[in-house]
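Note sheet for the following structure.
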There are 2 protein chains.
Amino acid sequence: MTRAYDSSTKRTELVRAARDLFYRQGFHKTTLDNVAKSAGVPLGNVHYYFETKQSLAEAVIALHLTRLRETLASWEADGPQQSLQRMVRAPLGAVEAVIRFGCPHGSLCQELGKLEDSPLTEAGNQLLSASIDWAQKQLRALGWEEKKSRDVAEQLVASIQGTMLLAHTLGAPEMLVNQLGRVESWLEEEIQPRKERSLR
Amino acid sequence: MTRAYDSSTKRTELVRAARDLFYRQGFHKTTLDNVAKSAGVPLGNVHYYFETKQSLAEAVIALHLTRLRETLASWEADGPQQSLQRMVRAPLGAVEAVIRFGCPHGSLCQELGKLEDSPLTEAGNQLLSASIDWAQKQLRALGWEEKKSRDVAEQLVASIQGTMLLAHTLGAPEMLVNQLGRVESWLEEEIQPRKERSLR
DNA sequence: GTCTATAAATTGATAGAC
DNA sequence: GTCTATCAATTTATAGAC
């Protein structure tokens, strides 16, 4: 079955369960039995919907991508600057999860990036490039040139990702809040520089 | 055997091999057989030196920490500002590895951070906190106050980590070079602000 | 200390009944 | 389509000879 959208409840439920478990335990540590149990499906039945664990992972990434694109689009209502601010603040909407498990996209990319010649590696990088491209688009909408908008978009996503990694590793929610605030201030300054910048 | 330093060639060789494989393949994907073969030691012999895979991982982290502290100390010769510059530039000394496998510390922390109540999680976070603490020490040596030096040290390490994650995930060495250059510029500006900052 | 052989458990994947 | 039962391979860990 190769439909882009599958109405099968069990298939959908398997992908949802896998996405959750891959986030909380990592891809390699999660077994098909874990996924099956979490989805309320017998182990053997998993292979009716997904030939291999890898193809299940591909469906998980596709789900991540769909959700991500929806989320990014939903941030665009009030103009580019507001959009970027929402991106920076997004992790604050799930502080506890970020502290316990890190970034769902970033941690998955780390893990999949170490596979050799796997389609999963390629699929995974879309999760980060989608965010960078979107951030660049916002900066372009502010009238920025190609090169500078790309540079700042990359720096922005890197800062957010690095902040989540640190706060997760050190188990420090207050660091997440504080450092995302600093990223936000930095971004504001990039967009609207003041000649005499006062310390906040 | 609980010696801090063990002259046993085979034990040392096992830890070295494990460190390398954990970096290139990840912790969960690496089997004890992989480690044994890479170290030139029979599988069964691994358990003479390390009771469990976890205790082997603890030794790997201890090795990382020892090396990291040596490296950080080696950067301190020419004053705080030079020290921090060396930290930012450090990934440039291993571009290919960073692109293929990410940051040895960051990727390990991501993976170990998802274990539940494991001593490995606690051990892993020292890899990042050691870098933050060291960076803060350099800023303190520049006369900075406690709070601001902590904030900037965290932001610096987060930026470097995020940059490595992005460049690794997207397989983009030029991004690593370019963005680390931007981090360096940002850091210079933080340390020696110019009233009228010219675009570089 | 070092090694071979193998146990014990896990896990991705398959077969085949219903 | 759904499920049970199980295979085949892998992998952590142990036993015991040398």
Side-chain angles (χ1 to χ4, degrees), chain A residues 1-3 5-22 24-61 108 111-112 114-121 123, chain B residues 1-3 5-22 24-61 108 111-112 114-120:
Chain A
M1 228 173 274
T2 331
R3 287 176 276 172
Y5 175 73
D6 196 313
S7 61
S8 159
T9 302
K10 298 206 169 170
R11 186 188 166 94
T12 302
E13 204 46 33
L14 282 168
V15 177
R16 185 209 57 74
R19 184 182 63 89
D20 190 50
L21 288 166
F22 289 176
R24 299 197 324 221
Q25 305 183 338
F27 171 71
H28 287 109
K29 210 191 151 199
T30 299
T31 69
L32 292 178
D33 192 51
N34 288 338
V35 176
K37 279 198 172 60
S38 172
V41 166
L43 171 60
N45 204 354
V46 173
H47 290 279
Y48 174 76
Y49 298 100
F50 300 97
E51 201 173 342
T52 63
K53 189 182 182 184
Q54 176 180 299
S55 63
L56 174 59
E58 285 168 1
V60 167
I61 293 172
L108 193 57
E111 202 172 359
L112 299 182
K114 298 199 175 189
L115 301 177
E116 304 177 5
D117 304 320
S118 171
L120 291 178
T121 304
Chain B
M1 227 175 272
T2 331
R3 289 177 273 172
Y5 175 74
D6 195 313
S7 61
S8 160
T9 301
K10 298 206 170 172
R11 185 187 166 96
T12 303
E13 202 48 31
L14 282 168
V15 178
R16 184 208 58 75
R19 184 182 63 89
D20 189 50
L21 288 166
F22 289 175
R24 299 197 324 218
Q25 307 184 336
F27 172 70
H28 287 108
K29 213 191 148 198
T30 299
T31 69
L32 293 178
D33 191 50
N34 288 338
V35 176
K37 279 197 171 62
S38 172
V41 166
L43 171 60
N45 203 356
V46 173
H47 290 279
Y48 174 75
Y49 297 100
F50 300 97
E51 200 173 342
T52 64
K53 189 183 181 184
Q54 175 180 300
S55 62
L56 173 59
E58 285 167 1
V60 166
I61 293 172
L108 193 57
E111 203 172 358
L112 299 182
K114 299 200 174 190
L115 302 176
E116 304 178 4
D117 304 322
S118 170
L120 291 178

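Residue numbers start from 1 in every chain, and the chains themselves are labelled A, B, ... in the order their sequence lines are given, proteins ahead of strands. Both backbone and side-chain heavy atoms feed into the values below; hydrogens, waters and symmetry mates do not.
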Open item on the list: Going by the rule side chain to side chain donor-acceptor pair (under 3.5 Å), which residues pair with A:H28 if we only count those two or more places apart in sequence or in a different chain?
Closed with: A:E111

Open item on the list: Between A:E13 and A:K10, does any NZ, NE, NH1 or NH2 come within less than 4.0 Å of an OD or OE carboxylate oxygen?
Closed with: no

TODO: Sugar-phosphate means primed atoms, P, OP1 and OP2; the rest is base. With that split, encode nucleotides 4-18 of chain D 5' to 3' as B, S or - using protein heavy atoms under 4.0 Å.
DONE: BB-----SBBB----

Can you give the donor-acceptor pairs under 3.5 Å from side chains of residues 50-57 of chain A to other protein atoms, not counting sequence neighbours?
residue: A:T52; atom: OG1; partner: A:Q54; partner atom: N; Å: 3.4
residue: A:T52; atom: OG1; partner: A:S55; partner atom: N; Å: 3.1
residue: A:K53; atom: NZ; partner: A:F27; partner atom: O; Å: 3.0
residue: A:K53; atom: NZ; partner: A:T30; partner atom: O; Å: 2.8
residue: A:Q54; atom: NE2; partner: A:E58; partner atom: OE2; Å: 3.4
residue: A:S55; atom: OG; partner: A:E51; partner atom: N; Å: 3.4
residue: A:S55; atom: OG; partner: A:T52; partner atom: N; Å: 3.2
residue: A:S55; atom: OG; partner: A:T52; partner atom: O; Å: 2.8

Open item on the list: Between B:N34 and B:K29, is the side chain to side chain contact (heavy atoms under 4.5 Å, CB included) condition met? List the steps.
Closed with: CA-CA 10 Å; B:N34 288 338; B:K29 213 191 148 198; over 6 Å; no

Task: Beyond-backbone contact of B:L14 with B:V41, side-chain heavy atoms, under 4.5 angstrom - done: yes

Open item on the list: Tell me whether the side-chain N/O atoms of A:K37 come closer than 4.0 Å to OP1 or OP2 in C:dT11.
Closed with: no

